[in-house]
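We use all heavy atoms of the structure for the numbers below, so side chains are in, but hydrogens, waters and symmetry mates are not. Here is how names work: the chains are called A, B, and so on, in the same order as the sequence lines, proteins then strands, and each is numbered from 1.
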Amino acid sequence: MDTPIFQDKVICILCGFCGFTKVSKDIISNNIEKLGGTTVKKISQLPENLTHLIVPYFSTESKLLKTLKISQLPDCKIVTQDWAIQSIKLKTLLPEDTFLWKCYFQRQQEKMAEVDELKRKSQIDEEYHINKQLKLQSNIKIEENFEENENQIKIEENLEIKNEENDIKIKLDPDIKIEIKQEDESSRFISDKRRRANWKEDELSKFKFYTGKQSIDNKNDHIIQMLEELKNNYTILKDKGRIIGYQKAISAIRSFPEKITSIEQLKGVNQIGKQTLQKIKEILETGSLSRVEAMDEHERLGQLKLFLNIWGVGTEAAEKLVRKGYKTIEMIKANPPDFFNENQKIGLALYDELLEKIPREEVKEISEKITKVAESLANGRQLTAITCGSYRRGRPLCGDIDILMTFEDGGAHTGLLSILVEELKKIGLVTHTLVITDEEIKKKHENSTFEGIAKLENGLHRRIDIKIYPRKTYAWALLYFTGSAMFNRSMRLFAKTKGFRLSDEGIFPAIRYKTETFTCAPIADCYTEEEIFEFFGMAYKAPEERDM
DNA sequence: TAGCAGTGATC
DNA sequence: GATCAC
DNA sequence: GCTA
Ligand SMILES: O=c1ccn([C@H]2C[C@H](O)[C@@H](COP(=O)(O)OP(=O)(O)OP(=O)(O)O)O2)c(=O)[nH]1
Ligand SMILES: [Mg+2]
């Protein structure tokens with residue numbers, strides 16, 4: 001039994017508003033009870049001996065009163081959920097004072113008054129001159145009446161998978177030994193141009209939504225920035241659902257062709273629901289979001305955000321740093337915590353430099369130098385190297401440099417990457433290694449990855465990724481490595497709804513047994529991106545159109 | 001109301 | 001298995 | 001947060 005740190009505590013948790021969900025509440029409740037505390041089930045009747053009221057970070061007083069259906073806040077400690085979460089995590093009852101809701105609330109009030117004052121002085125000026133109409137017409141054309149995918153996959157020992165109208169049905173026998181074979185070997189060659197999926201148009205339309213050119217003029221920048229801010233904050237709060245929810249809403253607004261002046265325009269748009277509409281309304285009316293402003297007052301969030309920018313530091317490490325009392329990057333540099341690993345130390349040392357975006361030209365210069373070195377090590381074999389990521393998608397500024405290589409002869413590349421990196425270090429182009437997976441014939445995978453730091457003679461340190469794939473999976477890797485991440489995710493999700501599993505190595509039947517994924521034969525062999533899009537039954541999407 | 005991409009390295 | 005990254 |  002754990003230490004009953006919540007002994008004698010009577011705690012009421014409010015949820016269901018301001019981004020604090022019932023799921024979180026239940027988890028916290030369970031833990032509190034497990035640790036000896038009592039939680040109040042009925043919020044309509046608060047007990048006399050209530051010791052703590054846990055409220056969402058960003059709730060307002062009126063919202064609290066309304067929820068509790070009372071006229072005055074109860075006389076107990078009112079804290080944010082952090083108090084409970086951190087206490088549970090550390091198995092120690094933390095002092096309430098740093099988690100008091102009132103503190104944030106008061107600061108927020110002051111800020112609001114300030115903002116109101118400013119607004120009265122100068123009306124928000126609208127300085128958009130946008131007439132350019134964007135063509136949103138989808139390029140997707142469905143090839144009709146294509147011959148059905150005759151691919152049949154058989155699994156030994158009465159596990160059978162059939163590809164029926166592209167709908168894979170799986171019969172699973174528990175505890176079966178699974179081994180998957182592809183019967184029709186001949187169908188695995190590209191010469192078989194007929195093989196492609198033929199899902200229907202309405203289904204494809206869901207996918208097309210996530211693609212499409214991002215408009216260059218920033219019609220709705222204001223809205224997007226606010227929502228981005230919300231998303232960032234939820235990233236820190238580890239609210240996986242809202243992160244993706246807002247991300248999709250943002251993408252939807254990005255590809256929305258008109259300037260938004262009324263939420264009426266957005267009604268019915270995919271991925272923009274009631275809540276988001278409400279928030280956009282607030283942005284249109286007040287120029288800002290009270291939720292974001294409340295969050296801005298949250299010192300903890302600011303610090304976490306700062307620390308999350310250290311390469312190798314995620315939400316957990318950032319949390320630890322805040323807990324240890326670090327407030328600035330400088331403080332960490334002066335006295336790094338003992339739990340930092342080598343990579344995090346590198347990330348910290350190069351914090352400012354790595355945060356700088358890289359001009360296209362510099363990405364090109366670095367890529368070309370690396371390609372030259374790689375070619376010189378290729379023993380005369382034909383090496384293809386393409387710079388992917390945001391560079392390939394045409395961005396003027398890139399976060400890092402992503403280079404993908406393959407041997408056109410289809411042969412192995414074992415060992416090349418480590419030699420290449422060694423060589424690049426010799427000439428001073430590569431300065432640090434963060435991760436490298438080339439070491440010998442680990443045989444586990446046929447591709448290798450290098451993640452590290454590069455630097456031109458008079459330049460800043462830059463993050464760089466080099467990947468080498470066998471020619472066989474190169475097209476899939478190119479698709480993956482070109483991204484964007486959002487594009488990949490929506491394409492993969494789409495494939496999934498069709499019973500497939502799309503990865504950087506190909507497309508496979510989605511077979512899972514318990515938590516394991518099985519190595520199946522790929523459903524299609526594609527040697528170019530064009531063939532992949534063709535397989536998907538859609539027109540080729542240029543990299544620029546995948547920038548979302 | 002569940003699920004939201006799929007994978008590899010590292011500790 | 002959790003964390004971090006692409 | 002949104003959708004099936
Ligand atoms: O979570 C992720 C991250 C990345 N990628 C793919 C798509 C992405 O385009 C590519 C390279 O990753 P990177 O982080 O470099 O993203 P980017 O698109 O190149 O943007 P940036 O300009 O930040 O480098 O890897 C994913 O599929 N999932
Ligand atoms: Mg990149």
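Side-chain proximity of A:Lys279 to the nucleotides D:dG1, C:dA5, B:dG8 is greatest for D:dG1. In this structure, the nucleotide among B:dG6, C:dC6, D:dG1 sitting nearest to the side chain of A:Gln275 is D:dG1. Which of C:dC6, B:dG8, B:dA5 sits closest to the side chain of A:Arg463 comes down to C:dC6. Across C:dA5, D:dG1, B:dG6, the shortest atom-to-atom separation from the side chain of A:Glu451 is found for C:dA5. Side-chain proximity of A:Glu316 to B:dG6, B:dG8, C:dC4: nearest is C:dC4. In this structure, of B:dG6, D:dG1, C:dC6, it is D:dG1 that holds the atom nearest to the side chain of A:Tyr246.
Between the side chains of A:Gln86 and A:Glu319, at least one donor N or O sits under 3.5 Å from an acceptor N or O. No side-chain donor from either of A:Ser262 and A:Lys281 sits under 3.5 Å from a side-chain acceptor of the other.
Across the C1' atoms, C:dC4 and B:dA5 are found 16 Å apart, a figure rounded to whole Å. The P atoms of D:dG1 and B:dT7 are separated by 30 Å, rounded to the nearest whole Å.
Ring-plane geometry between A:Tyr246 and A:Tyr234 is classed as parallel, the angle between the planes falling under 30 degrees on a 0 to 90 degree scale with a further cut at 60. Using bins of under 30°, 30° to 60° and over 60° for the plane-to-plane angle, the ring pair A:Phe535/A:Trp476 lands in the perpendicular bin.
With hydrogens and angles ignored, a donor-acceptor pair under 3.5 angstrom links the side chain of A:Tyr480 to the base of C:dC6.
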